[in-house]
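Worksheet: one structure, shown below.
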Amino acid sequence: MTSPKSEWRVGVAGLGTVGAGLLNFLSERPGFAPAGGSARVSGVSARSRSRPRPFDISSLPWFDDPVALAASDETDIFVELIGGSDGPAKAAVETALKAGKPVVTANKALIAEHGAELAALAESKGVPLLFEAAVMGGTPAVKMLREAMVGDEVVAVAGILNGTCNYILTEMEAGGRSFADVLAEAQRLGYAEADPTMDVGGFDAAHKITILAALAFGCAPTFGAAEIEGVDKIELLDIRLAKDLGYRIKLVASTARSDDGGVSVRVHPALAPLDHPLARAGGALNALFIEGRRIGRIFIQGPGAGAGPTAAAVAADIADVMTGAQRPVFQKPAGALKPFTPVDAAHTLGRAYLRLLVQDVPGVIASVSETLAEAGVSIDSFLQKPVEGEAGVPIVLTTHAVAESVMAEAVRRIAALPTLLQPPRLIRIARI
Ligand code: HSE
């Protein structure tokens with residue numbers, strides 16, 4: 001247990017957008033914590049000391065090596081804002097925990113990939129390891145699952161966890177713009193990760209939903225088990241056709257528990273009905289549904305990135321450390337976390353949107369519907385929409401709920417039809 005102190009010396013490693021936001025906040029409001037006492041930055045570390053920053057760091061003790069900052073006698077709380085699942089971030093966090101120091105981090109990759117071992121280390125030393133800022137930035141999803149939902153059993157969690165992808169999809173639809181054009185703008189606005197593949201490939205959202213799955217279901221965070229598909233193959237044509245059918249395409253991250261104790265963790269583009277709250281969460285917003293057996297559905301929405309919001313989440317964790325609040329890092333003590341058991345695709349039911357580009361010849365529609373029927377897929381709606389400039393005719397259909405393994409086989413058979421001009425495009429319809 002940490003004991004009450006009048007002053008907490010905070011070592012901050014990583015001075016990007018969030019780090020600068022935190023330094024600014026702590027200089028303005030050092031006595032912000034409800035338990036009293038103050039938080040003072042006692043040392044900083046980053047890759048470059050001289051890089052221009054919105055906050056003057058010249059008066060703060062500088063550490064070239066974040067591990068040295070974590071180990072310093074002047075550091076009571078170590079804040080890790082470096083990023084990356086391994087390397088200096090992991091080394092510094094381990095150093096702080098081994099020395100019995102509380103750690104606050106915004107590093108989703110670190111927690112999603114090494115959360116179980118770090119939780120075991122933190123708990124063996126009796127110190128908190130907190131990561132509210134790792135998921136949904138300033139919108140409190142972690143505390144919601146770790147603390148507020150413990151009186152219930154979570155059944156499912158689903159939402160929009162990547163602001164960059166949400167911004168890209170929103171702007172593609174609103175302005176009829178290309179994916180590449182809008183991505184460049186998102187990078188200029190500072191939403192995107194240093195490597196935008198992390199965002200558009202779905203990996204950033206997968207890190208976040210892996211963490212939420214561990215909190216919701218008491219399983220060890222297992223990033224390798226996440227099924228991941230990004231937005232990089234979404235075309236404007238699909239955005240438009242989906243809208244004609246009454247849907248909007250979103251990158252949905254979800255986790256759910258099956259009746260036999262399996263847990264699904266997935267990120268993929270999905271069609272949400274236009275009037276659904278997830279479809280209405282536009283721009284860089286994040287949004288999340290949590291479904292509890294007794295509470296029912298909770299919906300939260302807010303900023304998932306940015307200096308002010310994300311630093312506020314880091315500060316809330318620092319306040320928890322100052323208060324002496326302590327609970328297991330995930331939903332259960334590290335030693336009691338269940339191994340992750342994936343859900344079998346044969347048992348995962350869902351509806352789908354399927355877009356085909358076919359030759360405009362007699363019998364082509366009959367061959368598509370016969371192939372689907374033979375594979376066991378039932379069509380819900382069907383739209384044939386000539387598009388100017390296209391070589392063939394786009395056919396769009398939605399299906400009734402079917403096992404994903406059955407759908408995959410149907411798509412394989414459709415892809416083999418001689419009238420197909422390009423591979424079928426399948427997008428799931430969100431189960432929300
Ligand atoms: N690149 C992330 C996003 C930022 O776009 O949501 C916060 O994790």
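We use all heavy atoms of the structure for the numbers below, so side chains are in, but hydrogens, waters and symmetry mates are not. First listed ligand is number 1; within each ligand, the first listed atom is number 1. Fair warning: this is a prediction, and the values are worked out from it, not measured in the lab.
The nearest protein atom to atom 2 (C) of ligand 1, hydrogens excluded, is given as Glu193 OE2, 3.2 Å; this is a heavy-atom distance. Shortest contact from atom 7 (C) of ligand 1 to any protein heavy atom: Gly304 O, 3.4 Å.
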Legend entry - Trace of the ring pair (Phe, Tyr, Trp, His ring centres under 6.0 Å) decision for Phe330 with Phe131: CA-CA 10 Å; Phe330 293 99; Phe131 44 85; 5.6 Å; yes
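Under a cut-off of 6.0 angstrom, the local environment of NZ in Lys338 is crowded, with over 12 non-hydrogen atoms contributed by other residues, nucleotides or ligands.
Counting atoms of ligand 1 from 1 in the listed order, those under 4.0 Å from a heavy atom of Gly163 are 3 (C), 5 (O), 6 (O). Against a heavy-atom cut-off of under 4.0 Å, Asp199 is close to the following atoms of ligand 1: 1 (N), 2 (C), 3 (C), 5 (O).
Between Ala305 and ligand 1, no N or O atom pair is found at a separation short of 3.5 Å. When only interatomic distances are considered, the shortest N/O to N/O separation between Thr164 and ligand 1 falls below 3.5 Å.
Taking a cutoff of 4.0 Å between a charged side-chain nitrogen and a carboxylate oxygen, Lys90 and Glu117 qualify as a salt bridge.
Contacts of Ala311 classified as side-chain contact (heavy atoms from CB on, under 4.5 Å), with partners at least two apart in sequence or in another chain: Leu22.
Not a single heavy atom of Met198 lies less than 4.0 angstrom from ligand 1.
Here Phe289 and His276 bring their ring centres to under 6.0 angstrom of each other.
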